[in-house]
Amino acid sequence: MKIVLDTNIVVSGLLQSQGNPAQVLALALAGAVQVCHDERILAEYAEVLVRPRFKFNAQRVREVLHKIEADGLAVDASGESSLDLPDVDDEPFLAVALAASVDFLVTGNLADYPPDKRRGCTVVSPAVFMEHWRKLQDED
């Protein structure tokens with residue numbers, strides 16, 4: 001299963017060891033799902049995760065970033081433009097999701113991706129993603 005992780009999922013997953021964002025991040029780091037990314041997404045992860053207010057362990061941040069980059073799927077999303085999202089900083093996430101035909105873009109803020117701007121991409125909260133994940137596991 002291919003997904004895109006909005007930065008807020010990575011942050012939340014590292015801040016709290018329990019809860020849906022942490023479970024989504026754990027699946028990604030375990031290789032159970034493939035995280036699609038491009039240089040812009042990796043740069044945003046790196047910039048946000050080193051912010052002093054989060055007080056993340058620098059070694060842990062490096063490990064998480066390396067794992068996402070190494071095990072994930074690098075995507076050329078340059079063909080996806082004019083996405084017209086409320087915040088231009090969210091556009092790389094939708095662009096990569098569309099270019100890679102991901103199963104889900106997982107975000108903690110659905111309002112960042114208005115339904116009329118998604119172009120058919122399935123954008124879900126971490127709770128909804130985990131519901132889908134559990135259903136798939138029950139079917140196996």
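Fair warning: this is a prediction, and the values are worked out from it, not measured in the lab.
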Hey, mind stepping through V61 and F54 against side chain to side chain contact (heavy atoms under 4.5 Å, CB included) and telling me if it holds?
CA-CA 11 Å; V61 167; F54 294 125; over 6 Å; no

When rounded to the nearest 0.5 angstrom, what distance separates CZ in F129 from CG in D103?
8.0 Å

If I take atom CD1 from residue I3 and atom CG from residue L73, how far apart are they, to the nearest 0.5 angstrom?
12.0 Å

Tightest non-hydrogen contact, residues E91 and D84, listed as OE2-N, 3.1 Å

Between atom CG of D38 and atom OG of S78, what is the distance when rounded to the nearest 0.5 Å?
9.5 Å

Closest non-hydrogen atoms of P86 and A111, given as atom of the first, atom of the second and distance, are CG-O, 4.2 Å

Does some side-chain heavy atom of L27 sit less than 4.5 Å from a side-chain heavy atom of M130?
yes

Beyond-backbone contact of L85 with D112, side-chain heavy atoms, under 4.5 angstrom:
no

Should the heavy atoms of other residues, nucleotides or ligands under 6.0 Å from CD of Q18 be counted, would the total exceed 12?
no

When you look at CD of E63, are more than 12 heavy atoms from neighbouring residues, nucleotides or ligands closer to it than 6.0 Å?
yes

Could you tell me if Q59 and R62 have a donor-acceptor pair between their side chains, going purely by distance under 3.5 Å?
yes

Nearest heavy atoms of R118 and Y113, plus distance in Å:
NE-O, 2.6 Å

Quick check for you: to the nearest 0.5 Å, what is the distance between E47 atom CD and T7 atom OG1?
9.0 Å

Can you confirm whether N8 sits close enough to T107 that some side-chain heavy atom of one is under 4.5 Å from a side-chain heavy atom of the other?
yes

Stepwise side chain to side chain contact (heavy atoms under 4.5 Å, CB included) test for F104 and V128:
CA-CA 10 Å; F104 299 100; V128 170; 5.9 Å; no

Nearest-0.5 Å distance, CD of residue Q16 to CG of residue L25:
13.0 Å

Using the six-membered ring wherever Trp is involved, compare the ring planes of Y45 and F93 and label them parallel, tilted or perpendicular (cut-offs 30° and 60°).
tilted

Nearest heavy atoms of L105 and C121, plus distance in Å:
CB-SG, 4.0 Å

Minimal non-hydrogen separation, S82 against R119, with atom names:
O-NH2, 2.8 Å

Within a strict 4.5 Å, meaning less than it, do heavy atoms of the I41 and V75 side chains meet?
no

Start with the C-alpha distance between I68 and L29, add both sets of side-chain angles, then the distance that settles side chain to side chain contact (heavy atoms under 4.5 Å, CB included), and finish with yes or no.
CA-CA 7 Å; I68 289 172; L29 296 177; 4.2 Å; yes

Please find the pair of heavy atoms, one from A28 and one from L5, that lie closest to each other, and give the distance.
CB-CD1, 4.1 Å

Begin from the C-alpha positions of L110 and V123 and carry the test side chain to side chain contact (heavy atoms under 4.5 Å, CB included) through to its verdict.
CA-CA 7 Å; L110 296 172; V123 180; 3.8 Å; yes

Out of curiosity, D6 CG to L94 CG, how far, rounded to the nearest 0.5 Å?
10.5 Å

